[in-house]
Amino acid sequence: MIIFLVIIGIVFIVFQSFMSISTSSIEKQQYRVVKKETGFEIRYYPSATLATIKSTAKSYRELSSNGFRRIAGYIFGNNESSSKIAMTSPVHMDFSKENTSMSFVMPSKYDIHQLPKPYDAKIEIHQTAPEYVAAIEFGGYANDNNIQKYSMLLSKYLQEKNIKAIGNFRYLGYNPPYQLIGRKNEIIVAIDWKE
């Protein structure tokens, strides 16, 4: 029994190590760190192309399951050319009082005109405007409580520094659900910032 448990433990560690390595090789949305502050940082994000689905979901769990499945369908071939599009990170989630949305960042090799049209009419392909954001990071699995907790903490830090937040606080998720070790989550919000 002890040998069996040791083997299971080794397999688990190897699998999780493989997951950490494979997710670190996925293309990540580009940004530049403008300033590091205690507890958070200020970043500049250039324009990016996103595939977005809007939703009436009111919770992280509800949006993450339904939204992820539909956008994943698009990049896995549910589009007019049956093209497979590489997964990138992070996944964006925007929670507002009016509606919520989930977005995948499209690989940087594509521009908006090169991407195939989704069969799912609710998926919108669009270009974001460049922006400055404040970002705070946390580990583990995300849920509504820690998304709210870190949004409030980031809001507190910005108030202390007299930095004006613009719009909604957004969640960024970097890891697949089966990765247990080395998980990374972030909360970002657009800010009024001049360099």
Side-chain angles (χ1 to χ4, degrees), residues 23-55 57 60 63-64 67-68 70-72 74-75 79 83 85-118 120-138 142 147-148 150-175 184-195:
T23 55
S24 68
S25 65
I26 291 175
E27 181 182 345
K28 294 186 178 51
Q29 184 177 8
Q30 295 299 304
Y31 64 84
R32 174 173 52 85
V33 176
V34 174
K35 189 174 184 186
K36 285 191 177 287
E37 296 281 3
T38 303
F40 73 102
E41 65 185 21
I42 293 165
R43 301 173 180 170
Y44 170 75
Y45 279 89
S47 178
T49 304
L50 303 185
T52 297
I53 190 157
K54 292 186 176 163
S55 172
Y60 166 81
L63 178 60
S64 61
F68 188 91
R70 294 179 75 174
I71 303 179
Y74 168 66
I75 68 168
N79 56 64
S83 300
I85 301 165
M87 185 76 186
T88 65
S89 114
V91 172
H92 290 238
M93 292 187 194
D94 189 347
F95 299 92
S96 72
K97 289 177 183 173
E98 298 78 37
N99 57 43
T100 56
S101 66
M102 175 183 271
S103 303
F104 285 10
V105 181
M106 296 294 97
S108 58
K109 70 177 184 178
Y110 296 103
D111 72 30
I112 196 166
H113 306 292
Q114 296 170 312
L115 288 162
K117 185 177 178 182
D120 187 334
K122 293 196 172 180
I123 295 175
E124 175 192 354
I125 310 298
H126 62 102
Q127 200 82 23
T128 63
E131 64 178 346
Y132 289 94
V133 306
I136 189 170
E137 183 178 331
F138 63 98
I147 288 171
Q148 183 178 20
Y150 284 95
S151 296
M152 290 173 65
L153 184 57
L154 182 56
S155 177
K156 175 176 168 283
Y157 286 152
L158 293 177
Q159 288 171 11
E160 288 170 355
K161 297 285 183 182
N162 292 315
I163 299 171
K164 182 183 175 186
I166 303 166
N168 302 323
F169 286 75
R170 293 169 273 164
Y171 166 75
L172 305 182
Y174 285 84
N175 311 99
K184 176 181 174 182
N185 310 280
E186 292 178 330
I187 301 296
I188 65 169
V189 65
I191 57 172
D192 183 12
W193 187 267
K194 301 268 190 303
E195 283 192 271

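Phe104 has its side chain within reach of Val91: a pair of non-hydrogen atoms, C-beta onward, lies under 4.5 Å apart. With a 4.5 Å cut-off on side-chain heavy atoms, Val105 and Lys28 do not count as touching. Between Lys184 and Asn175, some side-chain heavy-atom pair lies under the 4.5 Å cut-off. Annotation: side chain of Gln29 is in contact with side chain of His92 (closest heavy-atom distance under 4.5 Å). Side-chain atoms of Ser64 and Tyr60, non-hydrogen and from C-beta on, do get closer than 4.5 Å to each other. Between Ile85 and Tyr74 there is a side-chain heavy-atom pair separated by less than 4.5 Å.
Of all non-hydrogen atoms in Met106 and Leu115, the two that sit nearest each other are CG-CD1, 3.5 Å. Between Ile42 and Ile191, the shortest heavy-atom contact is CG2-CD1, 3.8 Å. Among all heavy-atom pairs drawn from Arg70 and Asp120, the shortest one is NE-OD2, 2.9 Å.
Here Lys35 pairs with Glu37 under the side chain to side chain donor-acceptor pair (under 3.5 Å) rule; sequence neighbours left out.
The only option from Ile163, Ile187, Leu153, Val189 that meets the side chain to side chain contact (heavy atoms under 4.5 Å, CB included) definition with Phe40 turns out to be Ile163.
For the atom pair Glu186 CD and Glu41 CD, the distance stands at 7.0 Å (nearest 0.5 Å). Between atom OG of residue Ser55 and atom CE of residue Met102 there is a gap of 9.0 Å, rounded to the nearest 0.5 Å. Here the NZ atom belonging to Lys156 is positioned 14.5 Å from the OG atom belonging to Ser151, to the nearest 0.5 angstrom. Here the CD1 atom belonging to Ile136 is positioned 11.5 Å from the CG atom belonging to Asn185, to the nearest 0.5 angstrom. The OG1 atom of Thr38 sits 11.5 Å away from atom NZ of Lys36, with the distance rounded to the nearest 0.5 Å. With rounding to the nearest 0.5 Å, the separation of CD1 in Ile75 from OG in Ser83 is 12.0 Å.
Checking side-chain atoms of Gln30 against main-chain N and O of Pro46 turns up no donor-acceptor pair under 3.5 Å. Side chain of Asp94 to backbone of Ser101: no donor-acceptor contact under 3.5 angstrom is found.
Environment of CD in Gln148: sparse, with no more than 12 heavy atoms of neighbouring residues, nucleotides or ligands closer than 6.0 Å.
Between Phe95 and Phe169, the distance from one ring center to the other does not fall under 6.0 angstrom.
Ring-plane geometry between Tyr150 and Phe138 is classed as parallel, the angle between the planes falling under 30 degrees on a 0 to 90 degree scale with a further cut at 60. Between Tyr45 and Tyr31, the ring-plane angle classifies as tilted under the 30° and 60° cut-offs.
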Would you mind writing out the side-chain donor-acceptor pairs for residues 125-135 within the sub-3.5 Å range, not counting sequence neighbours?
residue : atom : partner : partner atom : Å
His126  : NE2  : Thr52   : OG1          : 2.7
Gln127  : OE1  : Thr49   : OG1          : 2.9
Gln127  : NE2  : Ser47   : OG           : 3.1
Gln127  : NE2  : Thr49   : OG1          : 3.4
Thr128  : OG1  : Ala48   : N            : 2.9
Thr128  : OG1  : Ala48   : O            : 3.3
Glu131  : OE1  : Arg170  : NH2          : 3.1
Glu131  : OE2  : Arg170  : NH1          : 3.2
Glu131  : OE2  : Arg170  : NH2          : 3.3
Tyr132  : OH   : Glu195  : OE1          : 2.6

